[in-house]
Structures are given as C-alpha cells and as structure tokens.
2 protein chains.
Amino acid sequence: MEDSAHPKRPVTVADVAKAAKVSKATAARVLGGYGVVSVQIKDQVMAAAAALEYRPNELARSMSTGRSGIIGVVVGDIENAFFSLAVRGISDAARLAGFNIIIANSGEQLDAERSAVDLLIGKRVDGLIVTPARCDRLDHLQHVRRAGVPLVLFDRAIPELDVDAVTGDDREAALTATRHLIGQGHRRLAYVSAMDAERGGLTDIALISNSAVRERVEGFVSALTEADLPNPLHSVRLGATDQHQTDAVMKRLLSEISPPTALLASDSLVGLRIFKSLQSLGLSIPQDVSMISFLDADWTSVTVPPITIVDQRVYELGKLAGERLVARIERTPLAVEHLRVTTSLVVRGSVATIGR
Amino acid sequence: MEDSAHPKRPVTVADVAKAAKVSKATAARVLGGYGVVSVQIKDQVMAAAAALEYRPNELARSMSTGRSGIIGVVVGDIENAFFSLAVRGISDAARLAGFNIIIANSGEQLDAERSAVDLLIGKRVDGLIVTPARCDRLDHLQHVRRAGVPLVLFDRAIPELDVDAVTGDDREAALTATRHLIGQGHRRLAYVSAMDAERGGLTDIALISNSAVRERVEGFVSALTEADLPNPLHSVRLGATDQHQTDAVMKRLLSEISPPTALLASDSLVGLRIFKSLQSLGLSIPQDVSMISFLDADWTSVTVPPITIVDQRVYELGKLAGERLVARIERTPLAVEHLRVTTSLVVRGSVATIGR
DNA sequence: TGATATAAAGAGACCGGTCTCACAACATAT
DNA sequence: ATATGTTGTGAGACCGGTCTCTTTATATCA
C-alpha cells in the first residue's frame, strides 16, 4: 500500500551489495552477469536484488561500457506510411540484435535533421540511420562519421559520403512504371511530386537535392526520351505538398492545351491527393486520366478502380537498413555499399489502354 | 581529409579545459551553461570547444542531473496508422517541451510490454506513455509508479491504477455509431474486433481485458439493448486478426440464418479487412451490408462508397497525452484524471437506410 | 609439509559530466 | 586599516555502473 523505505531514490548495486552482505564489486558481477562468482553468493545477491526490486541503471552501464544499445533513427515524417512501415522493419532488425531505437522527426527540414543528429550523437547512440532531407548538405553527416558512429542512409544515397545506403531502385522503378504507361498507349504523361516547387518549374534534374526524387525523375524522363516524347522536363510537376496545392497543380496541368492522359505520383501521399483531386474534378480513373502511385499503401487496393502501384517493399527496406547498421556496429568487415531493394510494378486497374 | 588527432575518442570537457587553459569546472560551466564565468574566459572556452568540435555526452549529463530528457513510449504497433499518428502527436508535444521520445513496440503482447517498460525505466526515461495491452495485469505498471517515474496511459484506462489516462470516449462513440445504424433501420448488427477469440464466443463483457475494446462493446451492446434487439453478446465477433481470419469470421457471420445488415469495425485495420472481405464475397456496400469503421484512416475516404467513420482525433489524443506527461514530469500539481477526447461520427456513404 | 596454482571476493579507479565548497582577488563599508 | 561582501575560478566529490588489480582462501602437486 505505502511506498515506504525509498519513496524515490532508485536501488543501486551498492544497496543490493549491502543487503546481501557482499562487496559492491561482487554484487555488480552477479547483477551485470560477468566475471565469476560462487553459486551460493550468486543466489544471495539475486535474492537481495529481487527483494529490493533492483533495476539496473542503463545510463550508468552505458557510461562505463561506452555502448548504449540504442540505434538512432531520423526520418522525414513518422506519420507517413512509408516511414512508419520502414521504422517497423528497422525496429524488428534492431530488436533481434538486442538494440532499441530512438526516433526523431526531421519534417524533411535540414536544420531539424541537423539538430536531431547532434542530439542523438550526444545520447551516444551506437549507430544512426538517417533519411537525409537533402543530398547536397552533408557536413553534419560527415561529423557523424568523424565521431566514429556507424551510419546508414535510408531511402536516399549520397555517393560523396562514402557510407552505406539502403534505397529502392528508384530509377528503374520509375522507368518501368513510365514504360508501362507508354506501353498502354499514353503519349502525354506527367510526374507529380511533393518537392518544393522552384519558381519557373524544373530546369535541371541534377539540381534535385533528394536522390530518391531525382532518380525517379531521371527514370521518368529516360522513358519519355526513349519513346521520343517531347518536353520531358516540362512533364515534371512539383509542389503537391498538400491537398490544396495538389488541387492547384492538377488544375493547371489538366487545363493545358494538351493535358496529360496519365500521371505518375512520386509517393503514396501525393497519389492519394491526386486521386482526391481527380475525384473532386469529376474525372474518372482510368477513363479520363490514368495513374500509377508509388508504395503499396492501404488505400490503393480498395479504390475503384484499385491503383496500379510500384511496390517498394518498405518493410524489407527498413529491415535491411537495420541489419546493415547492426553489422557495422558489430564491426563486421564489409565494403561500403549502396544496397538497392528491387521494386516491382503491381498492375491493377488505374491505367487505361488507349490509342489503336 | 584525414581524421587525425582523435580517430575515435570523443572530446570531453577536460580536453576543452586543457585547450582553453582553464580548470575543468570552469569549462564545464561554460559548456553546460550554468554558474558564472567572465565573458573573456567564456569566449576562450567556446573557441577551444569549437576548434575541438566538442559535443556534450548527454549520457554523462543525465547521470549527474538525473534527467534524461527522454520520454518513453510503448505502443501496440507503430505500423498501425492509429499509433503512428498518435506518436506524431506525442512527439510534437514532447519536442515543444524539450523532450525526445524513444519508442518501443509491444505487439500487444503483455510480456513484450513488460520488458519494454523495464528497459525504458532502466534507460532512466523522465516519463512513460504506455498503451497497456491488458488492463488486468498491472504489476509492471505499478512498478513504474513505485520507481517514481511519471506515467500516462494511452488509449486505454486502468481505474485501479490511479494514474492519468488519455482515451477517446469509446463507449459514447460506439453508442452513437450503433444508434446511427439502428436509426437507419438496421435491426441485425454485428461488432467485429481483432481481439483474440475466446472459445465459444464472448460470454461476459467485463472479461474483456482491453478497456477501449470493452467500452466500445459496452456502447454497442447498450444501443442494442435500448432498442430491444435480441442477443447483443452474440452480435460481438472476435478474432479478425488478419485478412484470412477476418474472411472466416465474415463468412460465418453472413451465413447465419438471419445475417447482420450492418457492421461496426473496432478499428481501421479491421474495417479495411471487412471491406476487402465483403468485396471478395461480391457483396456491395451499403446495398448488401452497411458498415462503420473507427478511425479516419486514409482508405476510408476514397472507397466507393466512402466509409462512415468514428473520427477519433488521434493526433490530438497523442498530443494531449504528451502534454499531460510533460506536466507530470514538471511536477505541475494536477489531480489524477481520465481525459477523454470527444469523438464524432462522420457520416459518409457506407450506411444504407432500410425498412419503411 | 611447503610451494604453487587457482578460484572467489574485495578495493578502488574510471567513464564524463554536474555541482558543492573552498579560496583568491578585489570592491565597498566601517 | 580591518571587517564584510561580491565575483570568478579551481579542487574534488558524486552519479551508478564496469573492470582491473590485489588479496584471501582453497585445491593441487611434488
């Protein structure tokens, strides 16, 4: 009933040692599970620990061992299904290896990412998985490496950084998806992304600071180019950051002289917004407009028609990143690699066949 | 280019102190931002710290201050949209107050939850938000309280525990939803949950160990009872744990002599499974069967028809829990409360009007 | 039986911060 | 000139574990 004795002060090894009438060192050996102790003493200490409800202070433990047993994860937005599923994969891989994860949100903002990384380093995480918001600013990530903390990039790669990265085969994926659209007879396509819009549209693909987005755009443009379709860059539309903006983008897009007959959404959030936009514009899929979205999100399989998607196998992506980081932490000798998880196109009903 | 000097050993206050030619105590005062130091010395130390790229060891800091700046969160399943959105709310509230969060998954398993809680306590989190898998086993949660760590229950309450809880008004919500169904003329209803099925169906509501589920069932049953509908308990179906099981549950349910004309799904995952089941059985909503789901999940607004749902305002739920915990950590004098976030029924198109 | 190996337990340094206390230097009051 | 106060700095204990080194007790061998 009453919380007598120690209303707050936590029980320490010293307390247990005193209760078990042994030295602090001996108690620590038993409780820490290292060194040698006689069975008899061990039982004594265990009994005392149980009676006192001893719980080790992991902080103190980490201090002396230098390992925290924590993996830091910096994601763009946990709320996004892509990241929450990935986190699940990372978490599973981590737990399997005896690590816990601590999550920080960057909101895709560089400065938030920077301070999150700094903080996690400060917490002495054993390793870090980061989804870099931009692939051109890498001082904070270089600092991670200099601090000797294992790092794995997730979803986006930075070749200059000489560090492991786990991503999808974004270029291939976009290429395949776009070829599919072209194969179904579409000649006027558009790629829609949530990336912040630059004034005056996209001028140079190489300027896209997010490698995943860039590769997808590259794949999309390649497919257009190989099919001799005009104005590939003009077909890339940015700024679908929320429903309102997406509605605007769509309205602009569809009121052009020769509006696209097929759309490729850069992620499932954009895909959902596009879907709603089309719905509110009274356009039907795929009769009026065809679309393909990235990510096998919940909603894509229950719409009418169900949406053709690029399956990114996000759980595997996360799991792989987790496993890779664990291997690094455990100093497994491995060459620095850019691991790509193969995606696949899941054809459902959102793409119409047009032309002859 | 080369990582000279300290290839691995992190820079400490002592290092900075030596470089700045002051005592460790003085350097610590500057770097820790406490006590008094002359501007001159302060600049000296700051310069040395910058040159050496000093980063404080938060672990050591936590050791002496006794505060870690971390809030522990134990959820059922991050992959679930309900939890990932809630985590976002918690995270936002935490960050605003200068806390970070560390997430652990229980998978709704009691023992996983227990060890997660133990581990987080060990990490000396400043507070804990837990979604208890069961509301009848509370020894580990009692231990949290005895350890003096502030605790807030999320989504489920345990009155016996005398601790803050933040939940939806589940009983009301289910009552309102069910009344809506009855009001539309439905007389044969079923409530479908993912809770593990007991042999021989549900016998006693009071035995449901998850308070959120129990309250919803209570609300559902109350509505049935007040409308003089028979067999309320028989109308509660458990075991919709995955698509396969849900298909089985649905098949059984719909092949009864007088099958239900309306379904209430206990959460959005179950809702989605039910939707898919009905789809694969060739039944149309709401002509053949009406349904209402909990949670305003992505998928519910893009189906045909869009799904009538109970809006749980999960982000607010999470945010409130985060804020409450922060208040506890900061020792704001507050009575122990069970905070309920009001939900609302969002009528869309998945409920048919039948009868006269 | 004495010398040596071996097992078990104790003493205390250490990790990297915080923080209390002592002390020095200088300013102001008496 | 001495007492008192203020401010800035240094010395060192402390947090709660781990871990090395030393000491003591017991076993093994010649």
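Chain identifiers are assigned alphabetically (A, B, ...) following the order of the sequence lines, protein sequences preceding nucleic acid strands; residue numbering begins at 1 within each chain. Keep in mind it's a predicted model, so treat the numbers as computed, not measured. Every heavy atom of this structure was used, including side-chain atoms; hydrogens, water molecules and symmetry mates were not.
Taking side-chain N and O atoms only, B:Ser64 has no distance below 4.0 Å to OP1 or OP2 of C:dG17. Dashed line: the shortest gap from a side-chain N or O of B:Thr26 to OP1 or OP2 of D:dG10 is under 4.0 Å.
For A:Asp136, the side chain to side chain donor-acceptor pair (under 3.5 Å) test picks out A:Arg134, with sequence neighbours left out. Applying the side chain to side chain contact (heavy atoms under 4.5 Å, CB included) criterion to B:Ala48, with sequence neighbours excluded, gives B:Val16, B:Ala19, B:Ala20. Applying the salt bridge (Lys or Arg N to Asp or Glu O under 4.0 Å) criterion to B:Asp118, with sequence neighbours excluded, gives A:Arg55. Applying the side chain to side chain contact (heavy atoms under 4.5 Å, CB included) criterion to B:Ala14, with sequence neighbours excluded, gives B:Thr12. Residues meeting the side chain to side chain contact (heavy atoms under 4.5 Å, CB included) test with B:Ser115, sequence neighbours left out: none. In this structure B:Asp43 satisfies the side chain to side chain contact (heavy atoms under 4.5 Å, CB included) test together with B:Val39, sequence neighbours excluded.
B:Ile121 places its CD1 atom 16 Å from the C1' atom of D:dG16, with the value rounded to the nearest Å.
Scanning atom types as modelled, one donor and one acceptor separated by under 3.5 angstrom connect the side chain of B:Lys24 and the base of C:dG17.
Between its two ends, the helix from C:dT1-D:dA30 to C:dT30-D:dA1 turns its axis by 50°, counting five pairs per end and rounding to 10 degrees.
When the nucleotides D:dC19, D:dG10, D:dT9 are ranked by their closest atom to the side chain of B:Ala25, D:dG10 comes out on top.
Applying a 4.0 Å cut-off to non-hydrogen atoms, the residues of residues 55-62 of chain B that approach DNA chain C are B:Asn57, B:Ala60, B:Arg61, listed by residue number. Using a 4.0 Å cut-off on heavy atoms, the residues of residues 27-40 of chain B that approach DNA chain D are B:Arg29, B:Val36, B:Val37, B:Ser38, listed by number.
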What side-chain donor-acceptor pairs closer than 3.5 Å can you find for residues 147-165 of chain B, not counting sequence neighbours?
| from | atom 1 | to | atom 2 | distance (Å) |
| --- | --- | --- | --- | --- |
| B:Arg156 | NH1 | B:Glu108 | OE1 | 2.9 |
| B:Arg156 | NH1 | B:Pro132 | O | 3.0 |
| B:Arg156 | NH2 | B:Glu108 | OE2 | 2.9 |
| B:Asp164 | OD1 | B:Arg324 | NH2 | 3.3 |
| B:Asp164 | OD1 | B:Arg328 | NH2 | 3.2 |
| B:Asp164 | OD1 | B:Glu337 | N | 2.8 |
| B:Asp164 | OD2 | B:Arg324 | NE | 3.4 |
| B:Asp164 | OD2 | B:Arg328 | NE | 2.4 |
| B:Asp164 | OD2 | B:Arg328 | NH2 | 3.0 |

Would you be so kind as to tabulate the donor-acceptor pairs closer than 3.5 Å made by side chains of residues 66-83 of chain B, with sequence neighbours excluded?
| from | atom 1 | to | atom 2 | distance (Å) |
| --- | --- | --- | --- | --- |
| B:Ser68 | OG | B:Ile70 | N | 3.3 |
| B:Ser68 | OG | B:Arg124 | O | 2.8 |
| B:Ser68 | OG | B:Asp126 | OD1 | 3.4 |
| B:Asp77 | OD1 | A:Arg88 | NH1 | 3.0 |
| B:Asp77 | OD1 | B:Glu79 | N | 3.0 |
| B:Glu79 | OE1 | A:Arg88 | NH1 | 3.0 |
| B:Asn80 | OD1 | B:Phe82 | N | 2.9 |

Can you give me the N/O atom pairs linking the protein to nucleotides 24-28 of chain D at distances under 3.5 Å, or say none if there are none?
none

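Under 4.0 Å is where a charged nitrogen must lie from a carboxylate oxygen, and between A:Arg95 and A:Asp92 at least one such pair does. Using a cutoff of 4.0 Å between basic side-chain nitrogens and carboxylate oxygens, B:Arg61 and B:Glu58 are scored as salt-bridged.
The shortest side-chain heavy-atom distance between A:His338 and A:Arg340 falls under the 4.5 Å cut-off.
Counting non-hydrogen atoms of neighbouring residues, nucleotides and ligands closer than 6.0 angstrom, the CG atom of B:Asp139 exceeds 12 such neighbours.
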